[in-house]
Amino acid sequence: MKLCMIGTGYVGLVSGVCFSDLGNDVICVDKDLNKINNLKKGIIPIYEPGLEELVLKNYKNKRLNFSTNLKDSVRKSDIIFICVGTPTKRNSNSADLSQVYAVGNEISKSINKFKIIINKSTVPVTTGDELEKIISKKVKKKYFSVVSNPEFLREGEAIRDFIYPDRIVIGSNDSKSQKILKNLYSPLISKGAKFISTQRRAAELIKYASNAFLATKISFINEIANLCEKTNIDVEDISIGIGLDKRIGSRFLRAGPSYGGSCFPKDTKAIVSTAEKFKTNLSIIKSVIRSNKKRSDLLSKRVNSILKNKIKNKIISFLGVTFKANTDDMRESSSLKLIPFLSKKGAKIKYYDPTGPKKEFKKLKNVQFSNSIKDSIKGSDIVIAHTEWNDFKSINFKRFSKNKKLIIYDMRNIYSPEKIKKLGFKYFGIGR
Ligand code: UGA
């Protein structure tokens, strides 16, 4: 099939590349000429394991192309995916849909035959209705169909999530499009992905409700972890103990710092805001947002108490600063709160991240990037394992540090407390 992805951000690029790898002809469109030229040279704008190889392979065999020409790309395609950003509006909690609508307007000028226009961007309920209205100003309804097909890709695992999704959700009020899209996704369906066809509005809500539910699960286990710390219980046992109940499920029950990234913080706020528009109070999600906000303060205070209120001049080593492993994304990472807090209190911070130094910390006093795990740990008073990269899981702390009083604060529970204690170091984890 001939596809066109509008927006080569995270969703558009990964989905476009994966669709081309499944044998479709795909054009990835972006208005950023520099990005498009780079992609043609195999320079990938984001860090995502496995993506570069797939781009190179499919660009070389000509199933994948890149363009800044939206009009021409739409004309050449049967299915058009809108994959532009829906950030939080300034001074508001609702999603800014201006890019989605602007693209809808552009598409409407280029429709030369029947097109399926798919919204893959995360959007509030009724956005599809609005998009349909915008396009129908220029095009008769029989020439297009607006569909919602949300994505459930995680950064760092996006390619695997695309190829082996739990489910594919198609929200469309028209059966012809449902059929075509089932065919498009058939290689994944035959590998076991469940195909769900539903109303367009329902698909839009499935996306927000999924993210809000996952954020709720994380905040829930984080609060249980707080209780575990007071009662001398290991939260890891609780996660296993409750997760084995199939009604609960074991995934997304890892306690840690506040959840971050470009999705959960933004989407939880947006669903609350949408609900308010429809005079519905999503009190559970509201309290999840509050709980997550408080979490960084709580962990800052915990570092303070671990260091017995003597942060000044302490050398603190951060292992990993991104919001999670296998990504270079800093958006809403808890390190953006923890590191400035500690630096303000007079600590000297050395951080190492496998994806390199971060501009966010450039201007902070006493915050320095270390070139290796060893350099970061050497000479420090406390090591904070902030992100769960595999690189950090088997560190030989004894070899890297001569400090007999070294403290390990394991914010992802990746180490065995017993092993660390056996080495003679002090260990603190989350909820244990
Ligand atoms: C999330 C969803 O998981 C995807 O399904 C969705 O497609 C995506 O948002 C999106 O809407 O685009 P992502 O933000 O890439 O994906 O990352 P996650 O793996 O979900 O992690 C989000 C945050 O939750 C991270 O800060 C992570 O450390 C935290 N987390 C996750 C926990 O603290 N504990 C867990 O058990 C799982």
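We count ligands from 1, going down the list as the structure has it; atoms in each ligand are counted the same way. Worth saying up front: this structure is predicted, and the values here are computed from it rather than measured. All values below come from the heavy atoms of this structure, side chains included, with hydrogens, waters and symmetry mates left out.
Looking at Asp21 and Lys57, a side-chain N of the basic residue comes within less than 4.0 Å of a carboxylate O on the acidic one, giving a salt bridge. Look at Arg201 and Asp129 and you find a salt bridge, because one of the NZ, NE, NH1 or NH2 atoms lies within 4.0 Å of a carboxylate O, short of that distance. For Asp30 and Lys35, the salt-bridge test passes: some basic side-chain N is under 4.0 Å from an acidic carboxylate O. Taking a cutoff of 4.0 Å between a charged side-chain nitrogen and a carboxylate oxygen, Lys314 and Asp381 do not qualify as a salt bridge.
Residues lining ligand 1 at a heavy-atom distance below 4.0 Å are given as Glu151, Phe152, Leu153, Arg154, Glu155, Lys207, Asn211, Ile218, Phe252, Leu253, Arg254, Tyr259, Gly260, Cys263, Phe264, Asp267, Phe323, Lys324, Arg412, ordered by chain and residue number.
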I'd like to know whether Phe19 forms a ring pair (Phe, Tyr, Trp, His ring centres under 6.0 Å) with Tyr185, so could you lay out the CA-CA distance, the side-chain angles of the two residues, the decisive distance to 0.1 Å, and finally the verdict.
CA-CA 9 Å; Phe19 274 129; Tyr185 279 108; 5.4 Å; yes

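Using a 30° and 60° split on the angle between ring planes, Phe369 and Tyr352 fall in the parallel class, below 30°.
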